[in-house]
Amino acid sequence: MKTLKIGALASGRGSNFQAIIDSIETGCIHAQILVLITDNPKAFSIERAKKHGIEYLVMRPKDYSSRDEYFRDIASELKKRGVELVILAGFMRVIGKPLLAAYPDSVMNIHPALLPSFPGLHGQKQANDYGVKISGCTVHFVDEGMDTGPVIIQAAVPVNDDDTEETLSERILRLEHKIFPEAIKMFSEGRLEIHGRKVRIKGAAFDDRPFINPLPGK
Ligand code: GAR
């Protein structure tokens with residue numbers, strides 16, 4: 001089976017980055033992460049990259065004269081290495097046009113809320129403060145908007161009366177670590193088709209179970 005070449009962008013802790021590394025190392029996904037690019041020299045993701053022998057680059061927007069130039073350079077580093085799929089694993093910036101143009105329908109993001117609710121920063125806090133009873137996480141293709149691209153997979157969790165931002169975030173994060181690798185696996189198998197706003201998943205098993213749709217699939 002073909003090995004998907006991945007480039008990861010992350011700004012912080014990198015627990016999603018780790019979940020993807022683990023899914024690759026255990027053979028669940030046929031892929032290789034060729035490079036981690038971070039905008040934060042103190043990101044713990046760097047330690048994870050080092051531990052797993054993944055090349056990393058620190059690229060900070062302040063070292064560039066424009067946002068376009070920044071994302072053009074990121075795209076060029078990814079292309080140079082033959083990256084086919086770009087994953088945003090807690091990368092806290094809106095992606096610039098040059099990167100999207102270089103990777104059409106090939107940039108994926110994980111967001112800690114059920115989009116289109118609560119986009120942007122602190123999706124978990126926004127949901128908890130709003131008082132919704134169900135929240136969750138979303139993996140979606142990235143477009144020029146803020147968390148507006150076509151949805152690939154979502155998973156939901158209950159929001160409890162006594163939740164804090166922290167307790168809700170932990171509950172959501174456990175599902176993030178499942179659905180992000182699942183979305184990447186489906187991409188690597190060529191099972192994702194974008195039709196306008198809809199992402200159709202070839203061979204997925206949908207049912208009426210609450211909380212996660214689609215099922216991991218066949
Ligand atoms: C995750 O909860 C991810 O969904 C969120 O940042 C966290 C990163 O954690 N991303 C966003 O809010 C993007 N708008 P991690 O570094 O441990 O993966």
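Throughout, numbering of the chain's residues begins at 1 and tracks the sequence. Remember, it's a predicted structure, so these values are computed and weren't measured experimentally. When a ligand or atom number is given, it counts from 1 through the structure's own listing order.
A salt bridge links Lys185 to Glu189: at least one charged side-chain nitrogen sits closer than 4.0 Å to a carboxylate oxygen. Ion pairing between Glu55 and Arg81 holds under the 4.0 Å rule for side-chain N and carboxylate O. A salt bridge between Asp68 and Lys97 is absent, with no side-chain N of the basic residue lying under 4.0 Å from a carboxylate O of the acidic one.
Residue Gln18 places every heavy atom at 4.0 Å or more from ligand 1. Remark: distances from the non-hydrogen atoms of Cys137 to ligand 1 are all 4.0 Å or more. Distances from ligand 1 to the non-hydrogen atoms of His122 include no value under 4.0 Å.
Among protein heavy atoms, atom 9 (O) of ligand 1 sits closest to Arg13 NH2, 3.1 Å. Looking from atom 1 (C) of ligand 1 to the surrounding protein, the closest heavy atom is Glu176 OE1, 3.2 Å. Looking from atom 15 (P) of ligand 1 to the surrounding protein, the closest heavy atom is Ser15 N, 3.4 Å. Here the heavy atom of the protein found nearest to atom 14 (N) of ligand 1 is His111 ND1, 3.5 Å. The nearest protein atom to atom 8 (C) of ligand 1, hydrogens excluded, is given as Gly90 CA, 3.8 Å; this is a heavy-atom distance. The protein non-hydrogen atom at the shortest distance from atom 12 (O) of ligand 1 is Pro112 CD, 3.4 Å.
With ligand atoms numbered from 1 in the order given, ligand 1 contributes 14 (N) to contacts under 4.0 Å with heavy atoms of Gly120. When each atom of ligand 1 is checked for a heavy atom of Gln124 under 4.0 Å away, the hits are 2 (O).
Side chains of Gln18 and Asp22: a donor on one and an acceptor on the other come within 3.5 Å. Side-chain contact, Asp143 with Thr148: a donor N or O sits under 3.5 Å from an acceptor N or O.
Looking at Arg48, Met92, His177 and measuring to atom 11 (C) of ligand 1, the nearest heavy atom belongs to Met92.
Under a cutoff of 6.0 Å and an axis angle of 45°, Lys125 and Tyr130 do not form a cation-pi pair.
Expressed to the nearest 0.5 Å, how far CD1 of Ile33 lies from CD1 of Ile20 amounts to 6.0 Å.
Here the side chains of Phe17 and Phe180 are not in contact, with every heavy-atom distance at 4.5 Å or above. Between Leu175 and Val157, the closest side-chain pair of non-hydrogen atoms falls below 4.5 Å.
In terms of polar-atom proximity, Gly14 is counted as a contact of ligand 1, with an N or O under 3.5 Å from an N or O of the ligand.
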